[in-house]
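Structure, as structure tokens:
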Amino acid sequence: RSRRGGTGNTSGTGSGMDAPSAAGLGGADPQLQRFIEVETQKQRFQQLVHQMTELCWEKCMDKPGPKLDSRAETCFVNCVERFIDTSQFILNRLEQTQKSKSAFSESLSD
Amino acid sequence: MESGFGSDFSSDFGSGGGGGGKLDPGLIMEQVKVQIAVANAQELLQRMTDKCFRKCIGKPGGALDNSEQKCIAMCMDRYMDAWNTVSRAYNSRLQRERANM
């Protein structure tokens, strides 16, 4: 069961699930197609919230108290930002190493 | 998605096909939305149970004692707070990203 989610719109967040083409799913009905696109997008968002809450809980929560104190709240916010930064960093660096690899192999094939 | 999403899905549509057999897309969309909401609630519950069990139950005894129950209750509320905080933070980040494009 794939738990990796991503949002297609945010550049670099990455999507763990490939979105099937909405045209295939909705058939000819454009209303259904649109609906599927929108709901798929919403679900990607939800999945990532689930995933980040789980991860950040480990990092930010000690003993559950009567309320979420401001330090924990700040930690959660930072955690979300850094998670997305990490995701983008990974994608960018991967892209770079791919580029340098192909340049290398091109120079070899003379 | 969880099995709750898939297995209940088809049984909702059977009743519409008696006469002309035309499926109302509006009805389908509403039912899909409900199924999605159910699946999300299940996901949330599952992760919350996991986290709160880890935080609140030490060596499992013969029953949940009072302190364990109190801990679980607080943990549930804090998990919801955390979920909402994460959801808001993620949403803000997405808005910022779109504004920068």
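Residue numbers start from 1 in every chain, and the chains themselves are labelled A, B, ... in the order their sequence lines are given, proteins ahead of strands.
Here the side chains of A:Glu39 and B:Ile36 are in contact, with some heavy-atom distance below 4.5 Å. Looking at heavy atoms from C-beta onward, A:Lys63 lies out of side-chain contact with B:Met74 at the 4.5 angstrom threshold. Contact annotation: the side chain of A:Phe76 never approaches that of B:Asp81 to less than 4.5 Å [non-hydrogen atoms, C-beta and beyond]. When side chains are defined from C-beta on, B:Glu43 does not count as touching A:Gln46, because their heavy atoms never get closer than 4.5 Å.
Note that CH2 of A:Trp57 and CZ of B:Arg78 are 8.0 Å apart. Values are rounded to the nearest 0.5 Å. To the nearest 0.5 Å, the span separating CG on B:Leu44 from OG1 on A:Thr53 amounts to 8.0 Å. Taken to the nearest 0.5 Å, the CH2 atom of B:Trp83 stands 10.0 Å off from the CE atom of A:Met52. Between B:Met48 atom CE and A:His50 atom NE2 the span is 10.5 Å, to the nearest 0.5 Å. For the atom pair CZ of B:Arg93 and CG of A:Leu48, the computed distance is 11.5 Å after rounding to the nearest 0.5 Å.
Here the closest heavy-atom approach between residue B:Cys75 and residue A:Pro64 is recorded as CA-CB, 3.7 Å. Closest heavy-atom contact between B:Ala82 and A:Leu68: N-CD2, 4.2 Å.
Crowding of A:Arg82 atom CZ: a count of heavy atoms from other residues, nucleotides or ligands under 6.0 Å exceeding 12. Within a 6.0 Å radius of CG in B:Asn100, other residues, nucleotides and ligands contribute more than 12 heavy atoms.
A:Leu55 and A:Ile84 end up in the same hydrophobic cluster when Ile, Leu, Val, Met, Phe, Trp and Tyr side chains are linked at under 4.5 Å. Neither A:Val38 nor B:Leu27 shares a network with the other; the hydrophobic side chains, linked directly or stepwise wherever heavy atoms of I, L, V, M, F, W or Y lie under 4.5 Å apart, form separate groups for each. Residues B:Leu64 and B:Leu45 are members of separate hydrophobic clusters, defined by side-chain heavy-atom contacts under 4.5 angstrom among Ile, Leu, Val, Met, Phe, Trp and Tyr.
Using a 4.5 Å cut-off between heavy atoms, A:Val77 contacts chain B through both its backbone and its side chain. Looking at B:Asp77, neither its backbone nor its side chain comes within 4.5 Å of chain A, counting heavy atoms on both sides. For A:Asn78, no part lies near chain B; criterion is any non-hydrogen pair under 4.5 Å.
Remark: A:Glu73 engages B:Arg88 in a salt bridge, criterion side-chain N to carboxylate O under 4.0 Å.
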Next on the checklist: Checking A:Phe35 against B:Lys33 for the side-chain contact (heavy atoms from CB on, under 4.5 Å) test, could you report, in this order, the C-alpha distance in whole Å, the side-chain angles of both residues, the deciding distance, and whether it holds?
Outcome noted: CA-CA 10 Å; A:Phe35 172 76; B:Lys33 280 190 192 165; 3.7 Å; yes
